[in-house]
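To keep things clear, I will list the structure first and then write my remarks on it.
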Protein chains: 2
Amino acid sequence: MPSIKDVARLAGVSVGTVSNVLNRPEMVARETRMRVEAAVAQLGYVRNGSARQLRAGRSTTIAVVALDLTNPFFIDVLNGVETAAQDVDVNVMVVNSSKDAAREARLLRMFEEERPLGVLITPVNASGQRERLGGLISRGIPVVTFDSSSRHSYGCAVSVDDVLGGRLAGRHLLDRGHRRIAFAGGPFPVRQVEDRHHGLAGVLGPDGELTVIPLPDLTVATGRQAGKELAGLAREERPTAVFCANDLVAMGVLQELTQRGLRVPADVAILGYDDIDFAAAAAVPLSSIRQPREQLGRTAALMLLEEANSPGGHEHRHVVFQPDLVERVSTAHP
Amino acid sequence: MPSIKDVARLAGVSVGTVSNVLNRPEMVARETRMRVEAAVAQLGYVRNGSARQLRAGRSTTIAVVALDLTNPFFIDVLNGVETAAQDVDVNVMVVNSSKDAAREARLLRMFEEERPLGVLITPVNASGQRERLGGLISRGIPVVTFDSSSRHSYGCAVSVDDVLGGRLAGRHLLDRGHRRIAFAGGPFPVRQVEDRHHGLAGVLGPDGELTVIPLPDLTVATGRQAGKELAGLAREERPTAVFCANDLVAMGVLQELTQRGLRVPADVAILGYDDIDFAAAAAVPLSSIRQPREQLGRTAALMLLEEANSPGGHEHRHVVFQPDLVERVSTAHP
DNA sequence: GGCGGCGCTTGAACCGTATCAATGCTACGG
DNA sequence: CCGTAGCATTGATACGGTTCAAGCGCCGCC
């Protein structure tokens with residue numbers, strides 16, 4: 001495997017010069033540069049990343065710790081991150097915590113060793129967050145949390161106003177004439193779930209009647225569970241609309257209701273959250289609360305890069321985006 | 001930032017000893033070891049990954065170049081990879097080529113510099129595959145292709161028999177009494193698409209009447225396009241079943257047909273491919289050809305690790321899995 | 001008592017690169 | 001003709017580990 005020394009020897013220059021050709025080509029004489037470039041090509045030389053990083057003390061890739069890659073929401077966020085990173089020639093690597101705190105801890109420990117340019121993370125849960133992220137932060141590795149489960153973060157953060165999302169949902173359903181409304185989601189310690197519920201409840205006020213269908217998880221499977229519960233209720237006490245804590249749940253509810261002969265939206269209206277592509281593609285296209293996913297990712301990446309590039313003082317910021325409502329058939333007028 | 005030297009000084013030993021405590025603890029005296037461990041803890045020392053890797057010449061993380069993270073299929077494969085890697089304490093990092101050849105090339109170049117333990121990849125396309133992967137291979141970095149678009153690979157490969165998948169689909173639809181059958185998929189240079197079509201066509205023989213609805217891409221959107229085409233046909237010439245090149249397409253077809261008042265499976269049966277979770281959760285649960293996704297990933301990872309651990313001779317292998325059929329409502333008897 | 005062997009530790013070499021002070025060279029102005 | 005400025009190149013050093021031959025002290029054996 002040719003090293004920079006081999007290149008130097010072949011080109012008849014010193015290693016310093018080769019390094020200059022590679023990193024600051026403008027400061028080496030044209031003729032020398034060409035000789036070096038020829039040698040590089042001839043040997044098929046490629047720089048050694050570890051050596052560079054060791055010397056430089058910093059990497060050039062940012063790490064994203066995704067909470068759950070099976071949720072398309074994160075994939076879209078990821079796209080935003082990659083867009084921003086690409087512009088400044090920074091690489092993005094993704095790892096998957098799969099909502100597993102132990103696994104997340106392992107990954108973060110690994111990053112303490114690898115020292116990426118920065119870490120973008122949706123932490124698994126609030127408890128222990130401080131300890132798990134502390135190692136990175138104290139080592140000077142910028143950490144930006146996005147869509148965090150915790151209300152207060154250590155460092156920069158970007159999120160979407162979930163209380164507002166809940167309010168949008170509530171107003172929309174009231175507008176459509178619904179008064180008996182269900183909220184399907186959980187677990188409740190999760191901030192997003194709590195906030196969305198809270199926003200909804202706040203808007204309904206005394207006029208509405210709010211039923212909560214608690215779920216252990218936000219997946220299609222638990223959504224079906226919720227659908228089953230709804231379908232089991234007598235018509236006169238069944239909510240006429242369900243607000244689901246995310247689109248996966250909404251899809252499950254939709255499927256179960258449909259299969260049990262209930263019509264959406266005529267019998268029960270369904271409103272989801274996240275506006276994932278699959279939601280629009282459902283049999284009854286789902287209305288949903290849309291989060292600016294790519295923008296979320298892009299902004300998070302930009303904040304991370306900014307922090308990484310300002311060695312001195314850096315003001316941590318907290319950017320909050322606003323969700324909006326996407327109306328589709330599942331909440332149309334009966 | 002404390003280095004190994006600081007630890008050595010604090011513990012009153014040489015750096016070599018500290019290194020031994022970290023890497024071969026059994027060969028250092030108990031008392032010394034404890035002193036070193038105490039020093040490590042006190043300083044909060046963590047090893048420098050780049051330095052280790054520079055010295056060792058090899059990394060301990062394997063890289064996965066995913067073709068398209070928006071397709072849940074790959075996420076499941078990824079899970080299999082992570083399972084296998086976890087067992088031997090190897091990390092997995094994911095990057096996303098997004099079906100973009102230029103991007104893939106950039107990522108592979110980066111890996112030539114970073115020298116991961118190995119690279120797992122579904123190449124964007126067959127053409128140019130040799131050049132893009134050649135750099136890695138000639139540098140001794142094992143490459144395993146999975147679900148590759150090319151029929152012949154350089155190195156180990158794991159894939160699923162798509163021709164068989166097509167045959168299973170064809171037989172099933174014939175069994176159900178269908179004779180006018182459509183295949184929706186594309187682009188055709190893609191091996192998977194070609195093979196699935198080929199398998200189907202082979203089984204139909206002269207009895208059946210096969211219509212091909214070519215698509216530029218396998219997404220929900222193009223699936224809707226296909227659905228529109230189907231719905232536009234007069235009843236007597238409309239195929240009574242569609243075999244879709246993947247589940248995303250099938251979902252699009254399903255949605256469009258349903259919205260245009262056609263019943264599934266009564267008017268048109270739909271058969272998908274991949275058996276992603278969303279397929280089971282569709283309004284009309286989709287029948288689909290299932291690929292052993294996690295196993296695909298697990299096997300690919302194991303082959304990669306094996307190659308990485310056999311410095312001498314290593315026989316490249318090609319493992320082919322068999323798909324099977326999952327029957328659901330979308331192809332039930334009318 | 002000397003010697004061999006064993007268990008543990010040491011110190012130095014090395015991995016491949018970036019950086020920077022020092023050096024050499026040229027050309028130019030005084 | 002000398003001093004100097006400017007440019008291109010060099011060579012040494014540091015980055016933080018791992019590894020390995022060599023050293024050291026101690027014990028048991030002959």
Side-chain angles (χ1 to χ4, degrees), chain A residues 1-37 39-40 43-61 110-117 139-141 311, chain B residues 1-37 39-40 43-61 110-117 139-141 311:
Chain A
M1 203 78 341
S3 85
I4 202 174
K5 281 182 204 148
D6 303 308
V7 175
R9 199 173 318 132
L10 180 58
V13 298
S14 73
V15 298
T17 300
V18 176
S19 178
N20 282 336
V21 170
L22 263 28
N23 301 302
R24 307 126 87 176
E26 72 284 357
M27 79 177 317
V28 25
R30 175 195 193 74
E31 201 269 338
T32 316
R33 177 164 18 110
M34 288 177 61
R35 244 186 19 251
V36 171
E37 280 162 355
V40 166
L43 293 175
Y45 166 76
V46 8
R47 308 184 281 196
N48 180 317
S50 345
R52 297 190 70 196
Q53 187 172 335
L54 169 60
R55 178 62 230 234
R58 55 146 49 182
S59 156
T60 176
T61 91
M110 150 182 153
F111 287 142
E112 290 181 24
E113 298 193 1
E114 303 300 342
R115 292 158 204 266
L117 188 53
R139 274 175 185 71
I141 298 175
Chain B
M1 203 84 333
S3 85
I4 201 175
K5 281 183 206 148
D6 302 310
V7 175
R9 198 173 318 131
L10 180 58
V13 297
S14 74
V15 298
T17 300
V18 177
S19 178
N20 281 337
V21 170
L22 263 29
N23 301 302
R24 307 125 87 175
E26 72 284 358
M27 78 178 316
V28 22
R30 175 195 193 73
E31 200 268 339
T32 316
R33 176 160 24 104
M34 289 176 58
R35 237 179 33 243
V36 171
E37 281 163 354
V40 166
L43 293 175
Y45 166 75
V46 9
R47 308 185 280 199
N48 180 317
S50 344
R52 299 189 70 195
Q53 185 172 337
L54 169 60
R55 179 64 232 229
R58 55 145 53 180
S59 154
T60 177
T61 91
M110 148 181 155
F111 288 142
E112 289 181 27
E113 299 192 1
E114 302 301 341
R115 292 162 205 265
L117 186 54
R139 272 174 185 73
I141 299 175

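- Mapping Gly12(A) and Arg115(A) onto DNA chain D by nearest heavy atom places Gly12(A) closer to the 5' end of the strand.
- For Gln53(A) and dC15(D), the CD to C1' distance is 12 Å, given to the nearest whole Å.
- Distances were taken from every side-chain heavy atom of Arg55(A) (C-beta onward) to each of dT13(D), dG16(D), dT10(C); the shortest belongs to dT13(D).
- Side-chain proximity of Thr17(A) to the nucleotides dG16(D), dT10(D), dA18(C) is greatest for dT10(D).
- In this structure, the nucleotide among dC15(C), dC15(D), dA18(C) sitting nearest to the side chain of Lys5(B) is dC15(D).
- In terms of position along DNA chain C, the nucleotide closest to Met27(B) lies nearer the 5' end than the nucleotide closest to the other residue of the pair Met27(B) and Ala56(B).
- Residues Pro25(A) and Asn23(A) share a closest heavy-atom pair of CD-C, 3.4 Å.
- Nucleotide dT9(C) holds its C1' atom 13 Å from the CD atom of Glu31(B), rounded to whole Å.
- Here Val18(B) lies out of heavy-atom contact (under 4.0 Å) with every strand.
- Atom CD1 of Ile4(B) is separated from atom C1' of dT18(D) by 8 Å (rounded to the nearest Å).
- Regarding Arg24(B), its CZ atom lies at a distance of 15 Å from the P atom of dG7(C), rounded to whole Å.
- Projected onto DNA chain D by closest heavy-atom contact, Leu54(B) and Gly16(B) fall at different nucleotides, the more 5' of which corresponds to Leu54(B).
- Of the listed nucleotides (dA18(C), dT18(D), dT10(D)), dT18(D) has the atom at the smallest distance from the side chain of Asn23(B).
- In this structure, Met1(B) places its CE atom where more than 12 heavy-atom neighbours from other residues, nucleotides or ligands lie under 6.0 Å away.
- Between Arg52(A) and dA18(C), a side-chain N or O to OP1/OP2 separation shorter than 4.0 Å is present.
- Judged purely by atom type and a 3.5 angstrom limit, Arg35(B) uses its side chain to pair as donor or acceptor with the backbone of Ala11(B).
- For the pair Arg9(B) CZ and dT10(C) P, the interatomic distance rounds to 14 Å; values are reported in whole Å.
- Atom CZ in Arg58(B) sits about 20 Å away from atom P in dG17(D), given to the nearest Å.
- Distance alone, capped at 3.5 Å, places no donor-acceptor pair between the Arg33(A) side chain and the Val21(A) backbone.
- Side-chain proximity of Ser14(A) to the nucleotides dA18(C), dT10(D), dG17(D) is greatest for dT10(D).
- Nearest nucleotide to the side chain of Thr32(A), out of dG17(D), dA8(D), dT17(C): dA8(D).
- Summarising the geometry, the separation between CZ on Arg47(A) and P on dC15(D) is reported as 22 Å, rounded to the nearest angstrom.
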Item to check | Worked check of side-chain contact (heavy atoms from CB on, under 4.5 Å) between Leu10(A) and Tyr45(A) | outcome: CA-CA 12 Å; Leu10(A) 180 58; Tyr45(A) 166 76; over 6 Å; no

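- Distance CG (Asn48(B)) to C1' (dG16(C)): 14 Å, rounded to an integer number of Å.
- Considering only the side chain of Val28(A), dT9(D) comes nearest among dT10(C), dT9(D), dG16(C).
- Between Ser19(B) and dG17(D) there is no side-chain N or O to OP1 or OP2 distance below 4.0 Å.
- Picking from dA18(C), dT9(C), dG17(D) the nucleotide with the shortest atom distance to the side chain of Ala29(B) gives dT9(C).
- At least one donor-acceptor pair closer than 3.5 Å links the side chain of Gln53(A) to the backbone N or O of Glu114(A).
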